[in-house]
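To start, the structure itself, in structure tokens.
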Amino acid sequence: MATKVRETPMLDELTKGPWPSFVREIKKSAEDGKEAANDLLGVLERSYHEKIGHWKHGGIVGVMGYGGGVIGRYNDLPEEFPHVAHFHTLRVNQPSGWFYTSDILRKICDIWDKHGSGITNFHGSTGDMVLLGCRTEALEPVFAELTELGFDLGGSGSDMRTPSCCCGKARCEWACYDTMNACYDITMHFQDELHRPAFPYKYKFKFAGCGNDCVASIARSDCAVIGTWKDDIQIDQAAVAEYAKGGGIDIQKHVVERCPAGCMSFDGSKLEINNDDCMKCMHCINALPKALAPGKERGATILIGAKAPIIGGALLSSVFVPFLEMEPPYEDLKELTEAIWDLWGEHGKNRERVGEFIQRIGLGNFLEQIGLEPTPEMVVHPRTNPYIFFELDEEE
Amino acid sequence: MAERKTDIGPPHYEQFLPPVIKKNYGKWKYHEIVRPGVLMHVAESGDKLFSVRAATPRLASTKTLRMFADIAEEYCGGHLRWTSRNNVEFLTDNESNVEPLVERLNKEGYPVGGTGPGITNIVHTQGWVHCHSAASDASGVVKSVMDEMFPYYNGEKKLPAKLRIAFACCLNMCGAVHCSDIAILGVHRKPPDVKHDIMKAQCEIPSTVAACPTGAIRPATVDGKQSVEVIEEQCMFCANCFSVCPAMPLNRPDTDGISIWVGGKVSQARSEPKFSKLAVPYIPNEPPRWPTVVNTVKKIVETYAANARPWERMGEWIDRIGWPRFFKLTGLPFTKYHIDDFTHAGETFQRSLHFKRA
């Protein structure tokens, strides 16, 4: 055991209460003899007094041959807190669905206890396992030991960011395609794009098995792959009757009347659905999981272009392919992706996400360039303004 | 020297799946919440999988991860996973392990909950723990809010529907909070304090100028040094210039703080996904426990709980009652800052008589 764990009266206020405490976590590492954790406590206590952070802007560090996966971070008080003078982060590509075994978890801990602060994030916002805080000279050894264990780094900067997915068919009856497999396949196929930033800006994939979208793909990914179905919702009328009899839910009020398409009716025992009008929103299936299930012809809707506000304002993804069968090796999705990257890669401005690029050049032009036919599913309604950029053929 | 391995990608997930999942992969029939924090998934084969969900602060020490490994080994054949909202789940097909698992996790301080109509873990960013552009700490606000919201996490109190809270410590939104029932967002409120001394050495002036979405930055020579100047009234504090140039810091202890946004969602259920809308433009940073933020979130949640109908998410409830009533019921003031003035702002103006009585 090295030096005494720092006193942190302000941070200690955050060890009280029922919710698990991040301060307690940092202290556990400090008590374990991790000097970096101890200095992190010091610098954080100071931030709490001064109401400002003490981390400097970026810094180009990484592992050999990669441009992404490491976030360089330096402290602006290196003399006072020498053990966090360097405090770089490694993003480690998580297994699909964030499944682990105790054995693999301990081996990751062994690597991080040997070379780093002992502090992690399970997980970062994009989905990576985050190893938080090490010195520059530790990066290569950590990388070598991680790859030996079978792990690789994730994305950062202007590259394909680490794709992530919900647990899909591993546990969920609503998964309309194998999200974990698709996520793994796409990640493996585009390894070069993941590790070596060559795009105008970041590009994120998220794979959600149904419209409940547990990975927030429609808000957070440049390419959202959201499970859906083509045929009719499967109904087990006996199970509907059980729900009606059980009294736990008022089917008329909480299912039929909450259907946004108004496509359901219930006569007290039998539930009917006009599937032509169904919008696949999942509400009735969520409400009556034992009685209703997505149809049998399953696949995904592909939506493109979501992002947070920086720079031109936040966007949700919008429909590109209303229905795509999602079977390995996912050739259609890969072809679409490459066509998008070619166009955006060539004409996108620095730090312009693909959603902003589409707004700048127009969705119609974008579709034409990547070779996708416009369909009415792509818009809420046709344009209302008459400023049409007609393009006449030579003969006309 | 051994050959350097690169581009191997993540390990294949299959090796980490418990046997009951491998056997029933893609063949699950339905699930139930058997008690707060415990899901039971039933397969077509009749097999059952119990998932016991526990809170984590996201920031985890290796000591805690090793303890989770021990618990997984004791009760789950070594199998566990994390959720998209930073909860940890212990997976077992043995129902008799559920009770001891719940007890153990609660005893260790990682409480079980986060299922059904209530509040689960907050997705959040790094804040003062690791970030250079943070306008607030992240983990401290999250901890303070969740301590107060705890009865909605562990099932003691229920809400009309699920309520998702997200936290981001600046407008970069690494936490992409912009579609959450309640979004807590760090904001800067003063233009960048241009460091003319380091500008030339650390930044490209043309890309710094180009980074500004409102054209507020222009090249300038200051005290004989090549640098930039900021037209202050055009600055909206987005910090995009700071992202490309370290000589443009916006962090300020006296004026940085937190804004609160409501009514967003990502799921397709019932209504379309929605952005969160501004409820409170600014609350000062109040470390260590951010009481004003906590009390404001509490007020919004309690007003929603008392007024929304079953299955109605925050945004759906507000859509039904209208914004005038939302502001009346919550007692939050409506100000000029609530009215959009960026691109396409006009789309949010009320252009009809279709508004309800407050």
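The sequence lines fix the lettering, A, B, ..., with proteins before strands; numbering per chain opens at 1. Small disclaimer: the values here were computed from a predicted structure and weren't measured.
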Q: Identify the two heavy atoms, one from V129(B) and one from L40(A), that lie closest to each other, and give their separation to 0.1 Å.
A: O-CD1, 3.6 Å
Q.
Which label fits W82(B) and F122(A): parallel for a plane angle under 30°, tilted from 30 to 60°, or perpendicular past 60°?
A. tilted
Q. Is any side-chain N of the basic residue among K290(A) and E32(B) closer than 4.0 Å to the acidic one's carboxylate O?
A. yes
**Q.** Check: Y48(A) ring centre within less than 6.0 Å of W290(B) ring centre
**A.** yes
Q) Any sub-3.5 Å donor-acceptor pair from Y66(A)'s side-chain atoms to D7(B)'s backbone N or O? A) yes
Q | Engaged part of D256(B) at the chain A interface, taking heavy atoms whose separation is under 4.5 Å | A | neither
Q: Quick one: sort the W55(A) and H130(B) rings into parallel, tilted or perpendicular, breaks at 30° and 60°.
A: tilted
Q. So, for P20(A) and G109(B), which heavy atoms are closest and what is the spacing to 0.1 Å?
A. CB-O, 3.5 Å
Q) Would you call D70(B) and R106(A) a salt bridge, taking side-chain N to carboxylate O under 4.0 Å as the test? A) yes
Q. Heavy-atom distance under 4.5 Å to chain A: side chain of A211(B), backbone, both or neither?
A. backbone
**Q.** Proximity breakdown for S47(A) and chain B, heavy-atom pairs closer than 4.5 Å
**A.** both
(Q) If I measure from the heavy atoms of chain A, does Y25(B) come under 4.5 Å with its side chain, its backbone, both, or neither? (A) both
Q) Looking at Y30(B) and P289(A), what are the two nearest heavy atoms and their distance? A) CB-O, 3.8 Å
Q. Aromatic ring centroids of H57(A) and F242(B) under 6.0 Å?
A. yes
